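Here's the structure, in structure tokens; my notes come after.
Given the structure is predicted, the values throughout are model-derived calculations rather than measurements. Start at 1 with the first residue, then count along the sequence.
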Amino acid sequence: MNGEAEDGLRRAREHLGRATLESLEAARALLSASMRASGIHSVAPDGLAGEIGRGLDALISSLRRGEAFALPSALALPLAKALEAEITRWEVRSQTDSDARPVLRAFLGFREVLWEFGVRPQPEPDRSSTSQPPDTTASRPPPSAKPRVQRFDIEG
């Protein structure tokens, strides 16, 4: 990679870091304002609002110290699942609606950004390593309804 590209990536990382910090601080201020507007002036440390507040504070502190950003798994997993569902939905819609393609691209780009932050779907556990033999009496799931990739020789 040449120096200009590396410089561009470095600047992009810096901007993304500052934007992320600003977003987290905005979320923390919004949480605080919504609690005050609701008449809540203190929260139970083990309650949801307390947990969210501590999580935001920890993320903000780590970014200010220049540490790597890591989204808590309690937020990362549901976010990743919801994002994958939206991508699937817009992939299907984009097959018949050309206006859906930009939305699909936006979700794909958002997924890429989240992947850079370590938000990735967890792989399914490998069940082949269990010591129990597979249950042959259970019915098999139906084959996938998604079309499969077909390959053929175009020069032959």
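Clustering ILVMFWY residues whenever any of their side-chain heavy atoms sit less than 4.5 angstrom apart, transitively, puts Leu30 in a cluster other than the one holding Met35. The hydrophobic clustering, which links ILVMFWY residues whose side-chain heavy atoms are closer than 4.5 Å, places Leu79 and Ile87 together.
Residue pairs that meet the salt bridge (Lys or Arg N to Asp or Glu O under 4.0 Å) test with at least one member in residues 26-42, sequence neighbours left out, are Arg28-Asp57.
Here the CZ-OG distance, from Arg93 to Ser98, works out to 10.5 Å after rounding to the nearest 0.5 Å. Atom CG of Leu63 sits about 9.0 Å away from atom CD of Glu25, to the nearest 0.5 Å.
Of all non-hydrogen atoms in Asp97 and Asp99, the two that sit nearest each other are OD1-N, 3.0 Å. Closest non-hydrogen pair, Leu104 versus Ser94, comes out as CD2-OG, 3.8 Å.
No donor-acceptor pair closer than 3.5 Å links the side chain of Ser61 to the backbone N or O of Ala58.
Every residue meeting the side-chain contact (heavy atoms from CB on, under 4.5 Å) condition with Glu86, not counting sequence neighbours, appears here in chain and number order: Arg89, Trp90, Phe107.
Under a cut-off of 6.0 angstrom, the local environment of CZ in Arg101 is sparse, with at most 12 non-hydrogen atoms contributed by other residues, nucleotides or ligands. Surrounding CD of Glu14 are more than 12 heavy atoms belonging to other residues, nucleotides or ligands, all under 6.0 Å away.
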